[in-house]
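Reading through the structure tokens given below for one structure.
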2 protein chains.
Amino acid sequence: MDARSAPASIEQLLDRMLQISDDLPKRLKQCADYVATNPDRVAVSTVAEMAEGAGVQPSAFMRFCQVLGFSGYSQMQRLFRESYAQNWPDYATRLEKLRESGAGRPSALLAEFVEAGRLSLENLAKTIDPQVLDSAIKALAEAHMVHIVGLRRAFSVASYLAYAFEKMNVPTMLHDSVGMLDSRHAIRADDAVIAITFAPYTPETVKLAETAHHAGADVVGITDSLASPLRPVTTQILTVSEADFGDFRSLSATLSLAVTLVVAVGTEMRARENGISLLRSDDK
Amino acid sequence: MDARSAPASIEQLLDRMLQISDDLPKRLKQCADYVATNPDRVAVSTVAEMAEGAGVQPSAFMRFCQVLGFSGYSQMQRLFRESYAQNWPDYATRLEKLRESGAGRPSALLAEFVEAGRLSLENLAKTIDPQVLDSAIKALAEAHMVHIVGLRRAFSVASYLAYAFEKMNVPTMLHDSVGMLDSRHAIRADDAVIAITFAPYTPETVKLAETAHHAGADVVGITDSLASPLRPVTTQILTVSEADFGDFRSLSATLSLAVTLVVAVGTEMRARENGISLLRSDDK
DNA sequence: GCGCCTTTGGAATAAAAATTCTACCATGGT
DNA sequence: ACCATGGTAGAATTTTTATTCCAAAGGCGC
């Protein structure tokens, strides 16, 4: 139980705590218990707050951190904070470096994109709110027709959605810029729209979402920031932040979200034909 | 700019930000954008860190908080810290939760697709042969025109490739089934083709690849199995096995491969304009 | 082109928090 | 019962962080 090595991850830390917690003095054990049951508090609390929560003095909590191998509370807290904030590296500069150094062999590039995709997926799992997802699916499953709009970079997502919905026998209409002026009026109040756009946001997509919203249709937005112009004109908004690589992103997370929507809506519609719903509407 | 009312929830705050963000001074708008895209950072960062992230001085960020109606950064941070508890857990725990809490519900589906995507990505990194990748990129970079064909499910990949190549100023032509019979003859011997198809393979795609191959063009195939009908008619073949869940797959890995191709070809073409190549052609 | 008002950067100040220190207390051994 | 060991509380100190202030820069209408 020497203090030379600080845990490098939260898992390690919890392991360590479990190991030593038996032969820990009373107060320190209180700290261990409190941290074990409220690990989420560490990142956003001061020592004083943690100490109070554990029912000990700040100095006792301090000693607890040191027993664990940290120099103090701050160092331990850093661990928790880093694991929370999605701290993906700056891929734009990494890409530049790869280019300049000439070490930009394609396989290295591929590795970077794979890594970026992995992070994006993890982040998706962390940030999606199940309730919003449920509500989006409900809206889509109840619609007479699902309109899909996504241009430029988002077009591949839109086309995937359109294809997959079609496969699931969900009535679908894919909008593109060519015929958009006409098709805009095809959206009725009992329809639903999926609008997809990322920064820099495509005005056409936003405009169509707006029109649909005013017409009384449900609008599900898929976008990359809470400040998206899509926000005010959607009934449900799903934010997906992809790790981007300069001007490019691989859309891994967005596509995963898309396929989830399709399958969930498809099964929900079948369930409804049999008079049941998979979405909980009754319980809290 | 009345500062009388501090937002009482994050939603209110975002609404407020959206309202005023248009007539905000430059630096303050930077703050707004940064907060909107990284709302989760607020809970665990200091003003100094936030300011650096937004590319402004701490004092500017301070003013931003006050414009929003808070007394200062601390008050705004409190808001974020209070709502923090829900979405703290790290990826593994969160995924577990999604799976269990919503067995049969959309969030469980999302968990499955996220996991499937991760597996696919991992697998992609392992199975792609760097030499084949290099050679595919070489072929594409040397082509006068890159033709892209992918239908049905593969169409979203094809459209992404077309969009991204366009962005990189690589001459590109996206083929679809509508005009295909004509465009088939547009492929010349010094062109290259990217053909994408997955089981059950689309005959049109294979046929176009075949024609191009006979015409002497390089054909890069993206497919899902070594037994793909694309194999005999391609000069380079890249196999991507997506882990599927049910009948659906999210194409995470395929899109990552696609974006790699685009960036690599783009940089390679620029490098060639300067008389150098990033691909090793001499050494083993 | 001049002056006023707004915005900005950076240093100065104040507040809060972390960390250490020291005296005091409990426990276990002789 | 006394001493030694180790633990604890609370105050003192140091460090970090938030916040304010002011001078300089920038923009806009006149």
Side-chain angles (χ1 to χ4, degrees), chain A residues 1-4 6-7 13 17 20-35 38 41-82 84-85, chain B residues 1-4 6-7 13 17 19-35 38-82 84:
Chain A
M1 33 239 71
D2 56 329
R4 75 195 53 162
L13 179 135
M17 263 175 43
I20 60 172
S21 74
D22 281 333
D23 34 38
L24 229 44
K26 192 171 145 209
R27 292 288 124 104
L28 266 43
K29 184 153 174 29
Q30 278 173 252
C31 296
D33 287 347
Y34 186 71
V35 170
N38 309 67
R41 292 265 164 89
V42 181
V44 295
S45 303
T46 65
V47 242
E49 286 164 345
M50 290 301 289
E52 194 194 332
V56 304
Q57 288 288 326
S59 55
F61 203 94
M62 212 60 222
R63 267 180 280 128
F64 170 70
C65 297
Q66 286 163 352
V67 165
L68 249 42
F70 297 103
S71 70
Y73 180 69
S74 302
Q75 196 181 98
M76 171 166 145
Q77 192 178 48
R78 193 168 314 138
L79 202 63
F80 283 82
R81 289 191 166 170
E82 276 165 8
Y84 174 68
Chain B
M1 29 220 70
D2 56 323
R4 72 197 62 159
L13 180 139
M17 263 175 45
Q19 271 177 24
I20 61 172
S21 74
D22 280 334
D23 34 40
L24 228 44
K26 194 170 143 208
R27 291 287 121 103
L28 265 44
K29 186 153 176 30
Q30 279 173 252
C31 296
D33 287 347
Y34 185 71
V35 170
N38 308 69
D40 48 337
R41 289 248 168 112
V42 181
V44 294
S45 303
T46 65
V47 244
E49 287 164 346
M50 290 301 289
E52 195 194 331
V56 304
Q57 291 285 329
S59 53
F61 202 92
M62 213 59 220
R63 281 193 300 268
F64 170 69
C65 297
Q66 286 162 352
V67 166
L68 249 41
F70 297 104
S71 70
Y73 180 69
S74 302
Q75 197 181 102
M76 171 168 146
Q77 193 178 48
R78 195 168 312 137
L79 203 64
F80 283 84
R81 289 192 166 169
E82 278 162 11
Y84 164 91

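Quick note on labels: first sequence line is chain A, next is B, and so on, each numbered from 1.
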Spacing of B/Leu28 atom CG and B/Met17 atom CE [to the nearest 0.5 Å]: 11.0 Å
Options C/dG9, D/dA9, C/dT8, nucleotide nearest the side-chain atoms of B/Lys26: C/dT8
Checking A/Ser21 now: which residues fulfil side chain to side chain donor-acceptor pair (under 3.5 Å) with it, not counting sequence neighbours? none
Applying side chain to side chain donor-acceptor pair (under 3.5 Å) to A/Arg27 and not counting sequence neighbours gives A/Gln30
Tabulate below the donor-acceptor pairs under 3.5 Å that side-chain atoms of residues 52-60 of chain A make, not counting sequence neighbours, or state none.
none

For the pair made of CG in A/Leu28 and C1' in D/dT8, what is the distance, rounded to whole Å? 10 Å
With sequence neighbours left out, the residues meeting side chain to side chain contact (heavy atoms under 4.5 Å, CB included) with A/Thr46 are A/Ala48, A/Glu49
Any A/Met50 side-chain heavy atom under 4.5 Å of A/Val35 side chain: yes
Check: protein-nucleotides 12-14 of chain D nitrogen or oxygen pairs below 3.5 Å:
none

From CZ of B/Phe61 over to P of C/dG10, roughly how many Å is that when rounded to an integer? 18 Å
Rounded to the Å, how far apart are B/Arg27 CZ and C/dG10 P? 10 Å
Of all residues at least two apart in sequence or in a different chain, which pass the side chain to side chain donor-acceptor pair (under 3.5 Å) check with A/Ser74? none
So, is A/Gln57 near the phosphate of D/dT8, with a side-chain N or O under 4.0 Å from OP1 or OP2? no
Can you tell me how far P of C/dT6 sits from CZ of B/Phe64, to the nearest Å? 20 Å
Rounded to the nearest angstrom, tell me the gap between atom CE in B/Met50 and atom C1' in D/dT19. 17 Å
Residue set satisfying side chain to side chain contact (heavy atoms under 4.5 Å, CB included) with A/Asn38, at least two apart, ordered chain then number -> A/Tyr34, A/Asp40, A/Arg41
Could you tell me which residues satisfy ring-ring contact (aromatic ring centres under 6.0 Å, His included) with A/Phe61, sequence neighbours excluded, listed by chain and number? A/Phe64, A/Tyr73
Length of the line joining B/Gln30:CD and C/dT7:P, which is rounded to integer Å: 14 Å
Enumerate the protein-to-nucleotides 16-26 of chain C contacts in which both atoms are nitrogen or oxygen and the separation is below 3.5 Å.
from	atom 1	to	atom 2	distance (Å)
C/dA18	OP1	A/Val47	N	3.2
C/dA18	OP2	A/Val47	N	2.9
C/dA18	O3'	A/Ser74	OG	2.9
C/dT19	OP1	A/Ser74	OG	3.2
C/dT19	OP2	A/Tyr73	N	2.6
C/dT19	OP2	A/Ser74	N	3.2
C/dT20	OP2	A/Gln66	NE2	3.0

